[in-house]
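Below is one structure, written out as structure tokens; the observations come after it.
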Amino acid sequence: MVRVRFAPSPTGFLHVGGARTALFNYLFAKNQNGVFVLRIEDTDLERSTKESERSLLRTMKWLGLDWDEGPDVGGPKGPYRQSERLDIYRRMAYALVEKDKAYEAYVLPEELEAIRGKMLENKESPHYSYEIISQYDTPERRQEFARKGWSPVVYFKMPQKEYVLNDRIKGRVAFKEGTIGDFVIFRSTGVPIYNFAVVVDDALMEITHVIRGDDHLSNTLRQLALYEAYQMPLPEFAHVSMILGPDGSRLSKRHGATAVENFREMGYLPSSLLNYLALLGWSHAQDNEICALEEMIRTFSLERVSSNPAIFDAEKLRWVNGMYIRQLTPEAMLENAVPFITEAGFMGPENVDANKKWLLEAMKAIQNEIHQLDEIPGQLSPFFTDPIPTTETLRSLEDDGLSPAFKLLYERFDTINAWEITDIVSTIKAVVKETKTNPKSFYHMLRVVLTARDTGPELVYIVHLLGRNKVLNRLGRLGV
RNA sequence: GCUCCCGUCGUCCAGUGGUCUAGGACAUCGCCCUUUCAAGGCGGAAACCGGGGUUCAAACCCCCGCGGGAGCGCCA
């Protein structure tokens with residue numbers, strides 16, 4: 001049984017890189033009929049917050065990446081929050097001490113600094129070893145620690161040998177002997193260090209495949225040594241490359257929106273965000289770029305995950321979102337649009353039902369015009385505001401000789417029986433023909449008069465949606 | 001500095017020794033459709049980081065450069 005996990009630390013919003021890692025884990029699990037575990041890595045007491053954890057779960061749910069085991073739903077291998085597993089880590093750390101594979105250290109941080117500085121001065125790699133650290137392990141020191149109520153930290157004895165990792169994405173990765181020295185696994189505060197906690201958790205939670213960002217690749221050396229020390233079976237590793245900003249450096253806030261939450265606010269659909277993120281590193285065997293979650297699950301494989309870093313292309317994401325918006329039924333589009341419509345103040349949520357018919361037509365009218373849901377208020381505003389024509393508009397109406405046509409159009413609209421799309425179209429066409437007006441400039445002017453802009457939905461939709469009263473009102477004040 | 005990863009159009013991805021005069025997508029340019037913009041359709045321009053090998057044959061394999069990224073904390 002395949003078991004994978006996504007293990008974010010609750011120190012802020014879920015960003016797109018994390019979302020992609022989560023997605024790859026999810027896709028792999030579902031493709032293999034496996035289990036997707038969510039684990040909260042909150043051993044950094046300083047930075048972890050409950051609020052971040054809540055927002056993380058909320059965002060994951062919004063994306064539709066549901067987990068089988070996790071802090072909220074529980075599961076057989078819990079708890080799923082590292083802060084609730086502290087006793088386990090202590091036990092595991094001291095098991096290593098007993099086997100002489102780790103040791104307590106009674107060094108002070110400033111002493112460590114001094115050692116480090118000296119090694120750097122001698123142009124040595126700043127690696128700690130038992131020989132160095134144990135010098136401080138004297139009876140006097142132990143007494144001093146005891147007296148002051150300090151706990152020793154636990155260092156892991158890093159075996160000096162070469163380690164080889166067979167990564168599912170990177171291939172064979174060899175870490176030379178002597179790359180790193182001994183390292184801390186357990187803090188004096190009773191909280192474990194990341195590299196230690198992951199190994200303990202992944203092993204105990206019986207994770208079979210570790211799919212994560214390649215910023216963890218170098219860490220894997222430590223983890224390999226720990227698995228070996230415990231004689232525990234190694235999971236498969238798959239290191240996905242980083243997402244970079246347009247300047248080629250690691251994607252961060254200074255590149256603009258990076259939190260999934262930001263994209264939700266801008267009117268991105270979860271499906272398009274997921275689809276785009278998958279495209280960033282993974283490729284469909286048949287080149288189907290636009291494919292929904294189901295299709296991705298069906299066709300996902302680690303073999304088709306690329307090993308090079310990818311620059312985040314907001315333009316393409318936008319295009320993908322446009323594709324998904326256009327696939328929406330008017331009903332689905334309206335459902336997604338409601339928050340944006342109410343927030344713009346066009347109508348309260350309680351009025352949506354009463355205006356449903358009109359809103360659905362409006363959705364159809366603007367569906368091809370937008371790439372993000374937050375463009376909806378702009379598209380709809382001519383229906384809810386009253387754009388006054390500028391003197392410039394009035395002058396060009398005169399100059400282009402369009403006045404007679406507009407006069408006739410007013411009369412016809414005033415007397416037309418039914419206000420239906422077909423009637424509106426035939427009326428407009430007849431007016432243009434009868435007055436021998438240049439269609440192009442007439443249509444453009446009509447748009448400007450009705451909406452005060454020169455882009456937007458199809459004109460007939462605008463006329464129809466505006467309704468006879470508003471149309472006559474806006475035409476009537478032209479003074480033609 | 002040390003260690004590790006990566007290097008195909010501006011960007012993402014395909015390509016796993018011959019089928020590559022290198023393919024697709026976004027963006028870009030042009031044309032068509034059309035009442036403008038958009039959407040849609042058609043077409044164009046655009047890339048194998050450099051140098052050495054290996055081989056009958058290299059974008060694909062090896063080495064060396066160069067460039068980019070990551071990690072080297074009682075952060076994760």
Side-chain angles (χ1 to χ4, degrees), chain A residues 7-11 41-48 82 105 107 109 112 116 120 123-127 151-155 165 167 169-171 173-176 178-181 183-195 197-198 213-222 239 241-242 244 246-250 276 279-290 303-304 306-320 322-323 325-326 366-371 379 428-429 432 438-448 453-460:
Chain A
S9 56
T11 54
E41 306 217 325
D42 54 354
T43 53
D44 185 345
L45 276 9
E46 303 280 291
R47 297 193 299 151
S48 299
Q82 289 189 329
V107 210
L112 243 24
R116 188 192 165 80
L120 250 22
K123 294 211 163 91
E124 292 170 52
S125 294
H127 297 164
S151 302
V153 306
V154 179
Y155 268 80
L165 164 70
D167 191 272
I169 293 173
K170 303 290 186 184
V173 180
F175 298 96
K176 285 205 185 83
T179 298
I180 54 166
F183 56 92
V184 174
I185 56 175
F186 202 74
R187 296 178 175 97
S188 54
T189 53
V191 180
I193 288 296
Y194 166 78
N195 279 299
V198 244
D214 78 357
D215 47 340
H216 289 289
L217 192 55
S218 331
N219 289 327
T220 312
L221 169 58
R222 291 175 174 78
H239 286 95
S241 288
M242 302 276 84
L244 274 26
D247 62 351
S249 69
R250 193 181 170 153
Y276 173 71
L279 255 27
L280 222 50
W282 173 78
S283 62
H284 185 110
Q286 272 80 47
D287 227 15
N288 274 348
E289 291 213 317
I290 298 298
E303 282 62 47
R304 295 198 70 84
S306 139
S307 65
N308 37 9
I311 292 173
F312 189 80
D313 184 356
E315 270 304 314
K316 182 147 183 178
L317 204 212
R318 208 175 123 75
W319 173 79
V320 171
M323 294 297 280
I325 287 177
R326 261 160 261 126
I366 64 173
Q367 200 157 18
N368 282 344
E369 306 292 323
I370 62 171
H371 290 84
Q379 290 289 335
I428 294 175
K429 282 190 171 162
V432 171
N438 175 288
K440 200 160 174 152
S441 50
F442 174 78
Y443 286 119
H444 184 248
M445 184 53 66
L446 181 55
R447 174 183 295 280
V448 173
R453 41 182 95 160
D454 41 32
T455 64
E458 281 186 50
L459 211 34
V460 279

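Note on naming: letters A, B, ... go to the chains in the order of the sequence lines (proteins, then strands), and numbering restarts at 1 for each one.
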How many Å lie between [atom1] on [X] and [atom2] on [N], as a whole number?
{"X": "Asn195(A)", "N": "A76(B)", "atom1": "CG", "atom2": "C1'", "value": "9 Å"}
{"X": "Asp247(A)", "N": "U11(B)", "atom1": "CG", "atom2": "C1'", "value": "14 Å"}
{"X": "Glu315(A)", "N": "C26(B)", "atom1": "CD", "atom2": "P", "value": "12 Å"}
{"X": "Leu165(A)", "N": "G71(B)", "atom1": "CG", "atom2": "P", "value": "17 Å"}
{"X": "Asp215(A)", "N": "C4(B)", "atom1": "CG", "atom2": "P", "value": "18 Å"}
{"X": "Leu217(A)", "N": "G71(B)", "atom1": "CG", "atom2": "P", "value": "11 Å"}
{"X": "His216(A)", "N": "C5(B)", "atom1": "NE2", "atom2": "P", "value": "17 Å"}
{"X": "Arg222(A)", "N": "U3(B)", "atom1": "CZ", "atom2": "P", "value": "15 Å"}

Would you indicate, yes or no, if [N] has its OP1 or OP2 atom less than 4.0 angstrom from a side-chain nitrogen or oxygen of [X]?
{"X": "Arg116(A)", "N": "G73(B)", "value": "yes"}
{"X": "Arg250(A)", "N": "G71(B)", "value": "yes"}
{"X": "Thr43(A)", "N": "A76(B)", "value": "yes"}

(request) Check every strand shown and say whether Ala285(A) touches a base, only sugar-phosphate, or nothing at a heavy-atom separation below 4.0 Å. (result)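 Answer is nothing: Ala285(A) stays at 4.0 Å or more from every strand.
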(request) Determine the contact category for Met445(A): base if any of its heavy atoms lies under 4.0 Å from a base atom, sugar-phosphate if only primed atoms, P, OP1 or OP2 are that close, otherwise nothing. (result)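 Nothing: the residue Met445(A), judged by heavy atoms under 4.0 Å, touches no strand.
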Set out, line by line, the N/O atom pairs under 3.5 Å between protein and nucleotides 29-38 of chain B.
{"residue": "U36(B)", "atom": "O2", "partner": "Arg447(A)", "partner atom": "NE", "Å": "3.4"}
{"residue": "U36(B)", "atom": "O2", "partner": "Asp454(A)", "partner atom": "O", "Å": "2.5"}
{"residue": "U36(B)", "atom": "N3", "partner": "Arg447(A)", "partner atom": "NE", "Å": "3.2"}
{"residue": "U36(B)", "atom": "N3", "partner": "Arg447(A)", "partner atom": "NH2", "Å": "2.6"}
{"residue": "U36(B)", "atom": "O4", "partner": "Arg447(A)", "partner atom": "NH2", "Å": "2.5"}
{"residue": "C37(B)", "atom": "O2", "partner": "Glu369(A)", "partner atom": "OE1", "Å": "3.0"}
{"residue": "C37(B)", "atom": "O2", "partner": "Gly456(A)", "partner atom": "O", "Å": "3.4"}
{"residue": "A38(B)", "atom": "O2'", "partner": "Asn368(A)", "partner atom": "O", "Å": "2.7"}

(request) Go through the structure and list residues passing side-chain contact (heavy atoms from CB on, under 4.5 Å) with Asn195(A), not counting sequence neighbours. (result)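 Asn195(A) satisfies side-chain contact (heavy atoms from CB on, under 4.5 Å) with Asn219(A), Arg222(A), Gln223(A) once adjacent residues are dropped.
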(message) Under 3.5 Å, is there any donor-acceptor pair linking the side chain of Ser188(A) to the base of C74(B)?
(response)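 For Ser188(A), whose side chain was compared with the base of C74(B), there is a donor-acceptor pair (under 3.5 Å).
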Looking at [options], which one has an atom nearest to any side-chain atom of [X]?
{"X": "Val173(A)", "options": "A76(B), C6(B), C4(B)", "answer": "C4(B)"}
{"X": "Trp319(A)", "options": "C5(B), C26(B), A76(B)", "answer": "C26(B)"}
{"X": "Ser9(A)", "options": "C5(B), A76(B), A39(B)", "answer": "A76(B)"}

(request) Return the nucleotide paired to A45(B): Watson-Crick means purine N1 to pyrimidine N3 with N6-O4 or O6-N4, wobble means G-U with N1-O2 and O6-N3, both under 3.5 Å. (result)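 WC or wobble partner does not exist here.
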(request) Could you grab the distance from atom CZ of Arg318(A) to atom CD1 of Ile325(A), nearest 0.5 Å is fine? (result)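 The CD1 atom of Ile325(A) is 9.0 Å from CZ of Arg318(A), to the nearest 0.5 Å.
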Detail all sub-3.5 Å separations between protein N/O atoms and N/O atoms belonging to nucleotides 12-16 of chain B.
{"residue": "C12(B)", "atom": "OP1", "partner": "Ile311(A)", "partner atom": "N", "Å": "3.3"}
{"residue": "C12(B)", "atom": "O2'", "partner": "Leu279(A)", "partner atom": "O", "Å": "3.1"}
{"residue": "C13(B)", "atom": "OP1", "partner": "Ser306(A)", "partner atom": "OG", "Å": "3.4"}

(request) Sticking with atom C1', work out how far G30(B) lies from U35(B), rounded to a whole angstrom. (result)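 Nearest-Å result for G30(B) against U35(B) at atom C1': 22 Å.
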(request) For C62(B) versus G10(B), give the span between their P atoms, rounded off to a whole number of Å. (result)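 One P to the other, the span is 26 Å.
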